Amino acid sequence: MSDPLVTVAGPATAGMVTLRADLADPAVAAALAAQGLPLPGRRAIRDGDGGRAAAWMSPDELMLFCPPDDAPGLAAALAAALREIHHLVADVSDARVLFRLSGPLAAQREVMAKLSPTDLAPGRFEPGEMRRSRLAQVAAAFWIGEDSFRILCFRSVADYVAGLLATAAAPGSGLALWTRA
Amino acid sequence: MTRYSAFAIAREAFRDHLGWRRAWASPEPRAAYDVVVIGAGGHGLATAYYLARNHGITDVAVLEKGWLGGGNTGRNTTIIRSNYLQDPSAAIYEKARSLYETLSQELNYNIMFSPRGVMMLAQTEHEVRGYRRTAAANALQGVETEWIGPERVKALCPIINIHGPRYPVLGALWQPRGGTARHDAVAWGYARACSRMGIHIIQNCAVTAIRSRDGVVTGVETTRGAIACRKLAIVVAGHSGVLAGMAGFRLPIESTALQALVSEPVKPCMDVVVMANTVHGYMSQSDKGEMVIGGGADGRNDYSQRGSFHHVEETVRALIETFPILSRLKMLRWWGGIVDMTGDRSPILSKTPLGNCFVNCGWGTGGFKAIPGSGWAMAELVARGEPGPLAAPFSMTRFREGRFIDESVAAGVAH
Amino acid sequence: MSTRLATGGRRIDRTRPLDFTFNGRPMRGFEGDTLASALLANGQGLIGRSFKYHRPRGIVASGPEEPNALVGLGAGGRFEPNARATQVPLRDGLAAESQNHWPSLEWDLGAVNARLARFLPAGFYYKTFIHPRRFWKHVFEPAIRQSAGLGRPPREPDPDRYEQAYAFCDVLVAGAGIAGMQAALAAARAGLSVWLVEQAPLPGGRAPVDHGAPGAALAAALAAELAAMPNLTLRLRTAAVGLYDHGYVLLDEALDPAAAGGLRQRLWRLRARQVIVATGAIERPLAFPGNDLPGVMLASAVRDYLADFAVSPGDRTVIVTNNDDAYRTALALHAAGLAVPAVLDARPEVTGALPAQVRAAGIRVEPGRGIAAVRGGRGGVGGVAVCLQAGEGAVLEEIACDAVAMSGGWSPAVHLWSHCGGRLLWDEAQALFRPDPDRPPTGADGRAMARAAGAANGALQAVAADARRAAEAVLRALGADPAAAPPLPAEDPPPEAPILPVWVMPQGAGPKLKAKMWLDFQNDVKVSDVELAQREGYESVEHAKRYTTLGMATDQGKLSNINGLAVLAQARGAAIPEVGTTTFRPPWTPVTLGALAGEARGALFQPLRRTPIDPWHAANGADFEPVGLWRRPYCFRRPGEDRAAAVAREVLNTRNRVGLLDASTLGKILVKGPDAGRFLDMLYTGRMSTLPVGRCRYGLMCSENGFLIDDGVAARLDGDTWLCHTTTGGADRIHAHMEDWLQTEWWDWKVHTLNLTEAFAQIAVVGPEARRLLERLGGMDLSRAALPFLHWAEGTLAGIPARVFRISFSGELSYEVAVPAGRGLEFWQACLAAGADLGVMPYGTEALHVMRAEKGFIMIGDETDGTVIPQDLGLDWAIARNKPDYLGKRAQMRPEMTRPDRWRLVGLETLDGSVIPEGAQALGEGTNANGQRNVIGRVTSTYRSPTLGRGIALGLVARGPERMGEVIRLAAPGIAPVAARIVSPVFHDPEGRRQDV
Amino acid sequence: MLLLTCPYCGIAAEETELAPGGAAHLTRAGPEASDAAFDAYLFLRDNPKGPHLERWRHAMGCGKWFLAARDTVTHEVYGTYPAQTREPPAEVVARIRARHPGWSWRSAG
Ligand SMILES: Cc1cc2nc3c(=O)[nH]c(=O)nc-3n(C[C@H](O)[C@H](O)[C@H](O)COP(=O)(O)OP(=O)(O)OC[C@H]3O[C@@H](n4cnc5c(N)ncnc54)[C@H](O)[C@@H]3O)c2cc1C
Ligand SMILES: NC(=O)c1ccc[n+]([C@@H]2O[C@H](COP(=O)([O-])OP(=O)(O)OC[C@H]3O[C@@H](n4cnc5c(N)ncnc54)[C@H](O)[C@@H]3O)[C@@H](O)[C@H]2O)c1
Ligand SMILES: Cc1cc2nc3c(=O)[nH]c(=O)nc-3n(C[C@H](O)[C@H](O)[C@H](O)COP(=O)(O)O)c2cc1C
Ligand SMILES: [Zn+2]
């Protein structure tokens with residue numbers, strides 16, 4: 001009873017590169033492939049090589065994750081590869097921060113269900129999908145990686161999100177939806 | 001018609017109140033009237049009343065699709081103030097406020113105008129500047145307001161948390177003779193007075209079409225038959241666009257839902273009306289003890305009188321932040337009304353492209369306070385066919401001219 | 001007197017006694033009691049006073065419909081007014097107090113109102129207190145307010161917590177009675193995800209009480225089956241309080257803070273594809289004289305208290321009814337060994353199986369009878385005077401009793417059904433409004449999103465079959481196979497004889513009796529009041545409600561609405577459906593404001609945005625101000641300094657040496673693509689397409705309505721890329737504005753935007769020593785030659801990647817340095833260290849404002865207010881006149897925008913050097929048509945300039961720029977008008993030498 | 001509390017994830033427009049009591065604008081579709097007409 005429902009880690013930083021382009025253009029997939037990155041489908045987040053991953057943000061935008069020092073290089077390489085098509089690439093590593101929940105996945109789902117108007121039931125939200133939504137009053141994206149919710153939000157509201165997560169995870173406040181009371 | 005007084009009540013008490021007469025008659029519609037007013041909300045009824053009182057025009061019918069006062073007049077948070085920034089607004093709202101002062105006596109109906117004072121909290125430096133500007137403008141407009149500091153705010157309303165960690169109260173624009181009135185009573189009092197002067201108030205009578213010949217209005221069709229008229233006043237708030245459509249013109253109006261809430265009644269704890277625009281909520285305590293609360297309007301078009309629930313939550317958050325003691329009170333009801341929002345959030349009192357057809361609308365989230373002034377100015381417009389000084393700035397051509405009356409610059413909301 | 005029986009009580013645990021107090025008096029109850037049952041068990045019949053007449057009142061009901069038994073609970077920050085005793089679970093140590101009386105519950109001065117009742121009919125206040133006028137505010141209203149309210153308001157902040165949660169399901173079933181459980185089970189068996197919510201602490205609804213052992217067994221069997229369904233969630237003590245569009249349901253879950261981590265309530269926002277309203281029915285009181293005395297209760301409540309809590313409301317209970325159901329109460333009382341002197345049945349003939357059983361038990365059944373008076377008072381009931389229902393109230397007989405159980409029939413709880421547009425129809429045979437299956441609330445697909453089941457559907461008897469029908473309809477709507485849910489065997493009890501609608505008892509009662517028949521107990525609305533409303537023309541049901549306040553109390557008329565409208569219909573001579581009901585609105589039961597706010601309190605009230613340098617600010621005396629959701633230092637106060645002194649120091653230091661500003665909140669939007677130049681030319685009033693790479697340009701953005709909405713400096717990064725700076729408030733707004741145009745108007749233009757605001761910390765290094773300071777950091781050539789004014793360069797400063805813009809908002813030599821946000825703090829500290837001996841100091845937003853005003857630079861939000869066009873501000877130079885189009889151009893061509901006498905920006909200087917008050921208005925001559933003083937302008941910014949040592953101001957004045965040198969008068973409340981001269985808005989360094997060095 | 005499916009992400013987004021943007025299918029009136037045309041473009045927005053074509057932005061999501069055909073009285077949603085179109089798709093019009101025979105959007109109030 002005195003333990004929080006889940007453990008919250010963060011805010012942490014990561015390498016992040018935004019790519020905006022017509023994702024259907026074969027040049028995009030090729031440029032990504034050359035960087036060891038898959039082209040994720042709608043709402044998907046997919047791992048690539050070397051600690052990289054690609055996430056679908058909108059029909060013409062991807063978020064690429066990589067080790068922190070990697071981002072400027074990745075951005076430069078993509079920009080070079082996409083020179084011929086209309087695109088935008090930027091290293092945005094500093095714009096956002098990441099949180100990570102740990103503990104029973106069912107409990108993590110419950111903590112998130114207090115904050116986001118998203119159906120997080122098992123089977124409804126599973127690894128491989130990244131959902132852009134909100135946590136209480138701020139925009140956030142989240143997905144499940146290695147049995148852990150990862151939460152991406154803007155840097156300026158990191159304290160607020162940390163506060164939300166800590167409050168939602170307060171001991172004894174489980175929802176008994178996917179965990180048993 | 002019995003005059004209302006304590007004596008009349010005493011007399012009736014001894015005959016079991018069987019002698020009271022109808023407050024307003026319920027006549028069958030005639031085939032024709034000099035003036036037809038569509039909409040028996042506060043504005044429509046006041047228009048009819050001042051047509052008779054100020055212009056001697058009593059051959060008037062007020063047509064109401066439901067029950068009189070059942071539109072926004074019957075569902076608003078009853079804040080009355082005139083501390084507006086722009087001259088045209090200050091003029092008409094102050095006219096209204098001053099008429100409210102004596103309305104109970106004039107109508108012989110206690111509308112419970114309660115000039116308990118309205119304060120608009122300033123919680124950012126920007127708001128401080130805005131309200132100081134309004135106070136300076138009001139001083140020249142003949143509107144009695146005052147900029148007050150946080151201590152005065154606290155003294156006037158002890159349940160406010162002026163040290164809000166997020167948005168401390170830096171002061172307030174205070175209008176000591178702003179306040180509230182019993183919303184239903186305003187409609188009922190006007191209706192009774194209209195009826196007494198021979199005006200027909202016809203309820204359950206929806207206008208379904210507007211007739212005209214050669215660009216001049218000739219009458220209306222209603223669910224209770226056709227009614228001819230020489231002049232037509234459309235005063236239907238949220239339904240203005242629909243009626244304008246019938247009359248063949250368009251209005252710069254969008255209809256959206258605005259919600260309000262009341263709490264369970266508690267013993268008096270708040271004597272003034274408080275508006276907090278930064279956090280976005282406003283509240284007063286009624287004579288029965290409920291906290292009457294309002295917040296922001298929906299951003300989408302709506303005719304369903306429900307609104308979206310998250311606006312209720314936003315308002316409540318803001319109020320708990322401002323009034324921490326509220327947290328354990330319970331809300332017993334919330335509801336919505338369809339408000340008519342114009343492009344500059346100020347009303348329209350205007351001639352229209354259709355001859356002898358006049359429109360009064362666009363009061364949006366804040367027209368209860370304007371009812372007497374608006375009725376006064378509208379009656380003048382209808383009677384003379386041309387606006388008087390109160391109505392003139394509010395013509396619908398102002399949008400085309402680029403001549404806006406924008407109040408949102410001074411206050412985020414305009415209730 | 002009410003008392004606890006020696007045995008029975010299915011909900012209480014006699015091994016666990018609980019101590020509590022009522023008005024300080026110690027009492028004892030059991031685990032499982034409600035506060036109401038425990039009070040009754042302790043013989044406490046008098047619980048409170050009514051709103052208007054301060055009539056003594058006791059408990060009438062056993063659930064959320066209770067109008068009378070409202071109490072204050074707890075103390076200090078945990079005090080809660082107006083808690084319904086029937087829904088408060090008893091806890092050890094609970095302290096309850098009665099409300100609305102003075103000096104005490106038993107002796108209440110306010111009860112004088114009851115004596116004056118005849119002078120206080122419905123709406124009396126509209127007819128009096130009119131003269132003399134001033135008396136309303138100072139005498140009458142204060143007196144009325146003195147008697148306002150029920151409970152006292154809490155006085156302290158609430159220490160408990162609340163939260164909200166989202167959930168999704170295929171089917172929500174509201175109410176876990178037999179109907180709800182059956183329907184939920186059917187849906188769950190068909191494989192759907194189902195939520196079943198029940199406001200009570202246990203499932204079962206009325207069946208275990210009304211149908212005895214078989215009812216209890218059925219409920220238990222259903223509950224057991226439900227518990228085994230993995231796809232079904234059952235939540236107890238959870239009320240469905242509102243049904244909204246598109247299947248959105250609000251659920252209010254009561255929690256025990258001690259067990260739930262300090263949480264008191266949880267508000268669920270559930271999204272259901274289909275909703276089944278199985279909320280049962282509410283018994284109606286009968287309107288007979290004296291029906292409001294403590295000891296007069298609903299018949300169903302009497303058996304609830306007996307069966308659930310082993311509490312008898314009295315030793316001798318007279319039953320008065322118009323239907324068979326109340327006979328269950330007679331049987332229950334009889335079985336408990338309590339006396340039932342008579343059942344008074346308004347129906348002329350009493351047949352039916354239940355009455356037969358009652359007669360067989362030896363209980364006297366009197367058909368065609370009613371009650372003409374209830375004897376007794378504050379202490380309770382002493383007896384009833386019996387009359388003919390068909391008569392005028394002549395007393396036939398007095399029957400001694402100490403309780404009365406009344407039943408006027410049942411009204412389905414159709415609130416949820418109605419919240420979102422579901423319509424009702426009048427069921428003549430059963431005398432009730434029930435959901436009209438042909439006019440249900442509809443969902444996003446335009447089809448029914450809710451069905452009603454069981455008693456809520458008016459199926460008072462064939463409940464199981466009705467529930468099955470509802471479930472099947474829902475399954476069909478969701479594409480599931482109804483047959484997948486094998487129906488449970490459920491036997492319905494034998495049918496009951498028809499009800500006789502009785503709205504007034506006795507039927508021929510005169511006005512005197514009608515003035516003693518209560519409809520709305522809490523608000524003291526009587527039959528006579530509704531009739532008065534009708535007589536006076538308040539004959540729409542909504543008028544009658546508002547005129548009498550019927551149904552407007554905290555119970556929202558759960559007991560009174562139907563009776564009231566029936567009385568109104570009778571008075572109007574209209575049919576009941578013609579009169580109709582008032583509008584049902586959420587919430588079903590009152591919801592705490594705390595629950596509506598959820599976690600959003602204190603630190604989580606709103607997100608607080610912090611810049612990368614915020615920790616340093618906080619540690620170094622920053623005096624913060626909110627700017628949108630950000631917090632920014634207004635100034636940095638040193639010990640002994642007030643705000644003004646700090647600002648003056650910061651300004652002078654920046655002008656004379658060097659200052660640092662955290663400008664990270666400025667918007668930074670990347671705009672890139674072959675059409676980016678063309679796009680920006682539409683967005684800005686000026687031309688951005690011609691800006692050379694490596695340069696910066698100030699630009700203005702207008703709305704399509706022509707008004708200035710934002711300004712900032714754009715830098716051209718390369719051939720097809722620009723970086724646009726916006727105001728702090730503009731960052732998200734302008735980014736959205738750009739995307740709006742790109743996505744919905746010019747979607748074939750090849751432009752991408754990216755909001756980089758948070759990726760960078762931006763620090764302005766400002767003042768004569770700025771260059772020296774930055775050069776000390778090393779890494780870039782920042783000389784005038786290498787980086788001239790209005791140029792930018794990229795490189796490394798202090799080992800940190802940096803983009804340096806030579807732009808100035810202060811008029812001084814100034815560099816704005818953007819570094820990765822993660823290194824912002826490091827860069828800030830490097831600047832402080834490098835500049836220590838140069839006198840570097842941080843400055844805040846106010847110094848920024850003062851310095852820009854000294855230079856005559858406008859500030860969005862000060863010089864602009866949504867009604868100002870760039871031309872008003874003398875910013876014509878920033879408008880490319882020869883551009884064929886830009887957003888706002890057409891609007892600026894309208895007559896009003898080109899009027900020569902528009903108010904335009906000027907500087908204002910008082911003749912004596914004093915500071916013009918904020919918001920001052922420039923006086924014109926005479927008055928306007930409405931008698932208002934004419935005004936020719938206003939002050940937009942006004943400061944004491946530390947640089948110049950006197951007051952300076954910017955203002956908008958009619959034809960201002962044409963009137964240089966003229967003296968005008970400025971007025972503000974409380975002071976004599978101030979004379980000020982119209983001057984250039986640029987007060988400091990008009991040639992701009994200092995910035996371009 | 002509306003639920004509208006963003007045609008770009010395929011998410012049934014709750015109203016709180018969306019930002020409303022008023023009437024859809026506006027045709028911009030530029031500098032050459034007459035006073036009347038410009039006034040109509042800026043202020044005379046569709047405000048029908050019934051089916052309404054309107055703009056929404058998936059603000060707390062993909063950030064894209066999309067269009068919705070929604071009934072302002074019943075909140076029935078006849079469809080959502082991408083913003084890059086000058087008129088409502090045929091199947092949306094068909095769905096509206098099924099409910100409101102003879103409906104046509106340019107004539108709507
Ligand atoms: C929740 C809420 C809070 C508010 N708070 C405040 C406040 O604190 N202070 C303030 O000053 N203002 C407030 N307002 C605004 C105020 O209520 C309105 O501006 C004002 O009541 C409008 O009055 P009205 O007479 O123009 O319209 P209404 O009272 O709406 O009357 C219009 C009438 O026209 C009728 N009608 C419509 N169509 C037809 C037809 N075809 N045929 C016949 N009749 C028709 C309607 O049934 C209605 O009765 C609030 C509004 C709301 C919704
Ligand atoms: N013969 C009669 O006159 C008569 C009249 C009424 C009821 N009944 C009996 O009532 C029963 C009907 O069964 P039923 O299941 O339809 O009704 P029910 O009254 O047994 O159950 C309804 C349940 O819904 C709950 N509820 C109500 N509103 C709620 C809300 N908003 N949120 C959460 N829970 C809520 C109630 O607490 C209750 O447990 C049968 O036993 C029937 O015989 C008979
Ligand atoms: C100022 C004000 C005070 C109100 N007080 C109460 C109240 O005490 N009890 C109540 O049930 N409703 C109260 N209402 C709400 C009305 O019952 C009703 O919901 C509102 O007028 C809208 O009408 P509708 O819900 O019938 O559509 C109040 C409304 C207003 C405008
Ligand atoms: Zn989307």
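As the structure is a computational prediction, the values presented were derived from the model and not from experiment. Per chain, numbering begins at 1; letters A, B, ... match sequence-line order.
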Judged by atom type as modelled, is there a donor-acceptor pair below 3.5 Å linking the side chain of C:K750 to the main-chain atoms of C:D748? no
Which of residues 135-164 of chain A get closer than 4.5 angstrom to chain C, counting heavy atoms alone? A:A136, A:Q137, A:V138, A:F154, A:R155, A:S156, A:V157, A:D159, A:Y160, A:G163, A:L164
Tell me, out of A:T13, A:L175, A:V92, A:V97, who's got the most heavy-atom pairs with chain C below 4.5 Å. A:L175
Among C:C169, C:A165, C:P607, residue most engaged with chain A (heavy-atom pairs, under 4.5 Å): C:P607
Using a cut-off of under 4.5 Å for heavy-atom pairs, which of C:E253, C:R161, C:R271 has the most such pairs with chain A? C:R161
In terms of heavy-atom proximity below 4.5 Å to chain A, should C:Q606 be classed as side chain, backbone, both, or neither? both
Among the options C:L754, C:L604, C:L263, pick out the one with the most heavy-atom pairs lying under 4.5 Å from chain A. C:L604
Just so I understand: if I count every heavy-atom pair under 4.5 Å between each of A:A170, A:P117, A:A168 and chain C, which residue has the most? A:P117
With a 4.5 angstrom heavy-atom cut-off, which part of C:T753 approaches chain A: side chain, backbone, both or neither? both
Residue selection (most heavy-atom pairs with chain A, distance under 4.5 Å) from C:P674, C:P801, C:A167: C:P674
Measure from the side-chain N and O atoms of A:S93 to the backbone N and O of A:D91, and report whether any donor-acceptor pair falls under 3.5 Å. no
Salt-bridge contact C:R609-C:D732 (side-chain N to carboxylate O under 4.0 Å): yes
Proximal component of C:R235, with respect to chain A [non-hydrogen, under 4.5 Å]: side chain
Tell me, yes or no, whether the heavy-atom count around A:R124 atom CZ, taken from other residues, nucleotides or ligands under 6.0 Å, exceeds 12. no
Any salt bridge linking C:R601 with C:E163? Criterion: basic side-chain nitrogen under 4.0 Å from a carboxylate oxygen. no
Out of A:A90, A:G174, A:S116, A:A121, which one racks up the most heavy-atom pairs below 4.5 Å with chain C? A:S116
Ignoring hydrogens and geometry, is there a side-chain-to-backbone donor-acceptor pair from C:T611 to C:D614 under 3.5 Å? yes
List in chain and number order the residues that pass side chain to side chain contact (heavy atoms under 4.5 Å, CB included) with A:A21, two or more places apart in sequence or in another chain; answer none if no residue qualifies. A:L19, A:V28, A:I85, A:H87
Identify which part of C:Y248 has an atom lying under 4.5 Å from any heavy atom of chain A, answering side chain, backbone, both or neither. neither
ring-ring contact (aromatic ring centres under 6.0 Å, His included) against C:H752, all qualifying residues, sequence neighbours excluded: A:H86
Between C:D170 and C:R273, is the closest basic N to carboxylate O distance under 4.0 Å? yes
Can you list everything that forms a side chain to side chain contact (heavy atoms under 4.5 Å, CB included) with C:L232? Sequence neighbours excluded, please. C:A184, C:A188, C:V194, C:L226, C:M229, C:L234
Strictly distance-based, threshold 3.5 Å: is any side-chain N or O of C:R716 a donor or acceptor partner for the main-chain N or O of C:G719? yes
One should read off an interatomic distance between C:E826 CD and C:W616 CH2, to the nearest 0.5 angstrom, of 16.0 Å
Under 4.5 Å from a heavy atom of chain A, the part of C:L756 involved: side chain
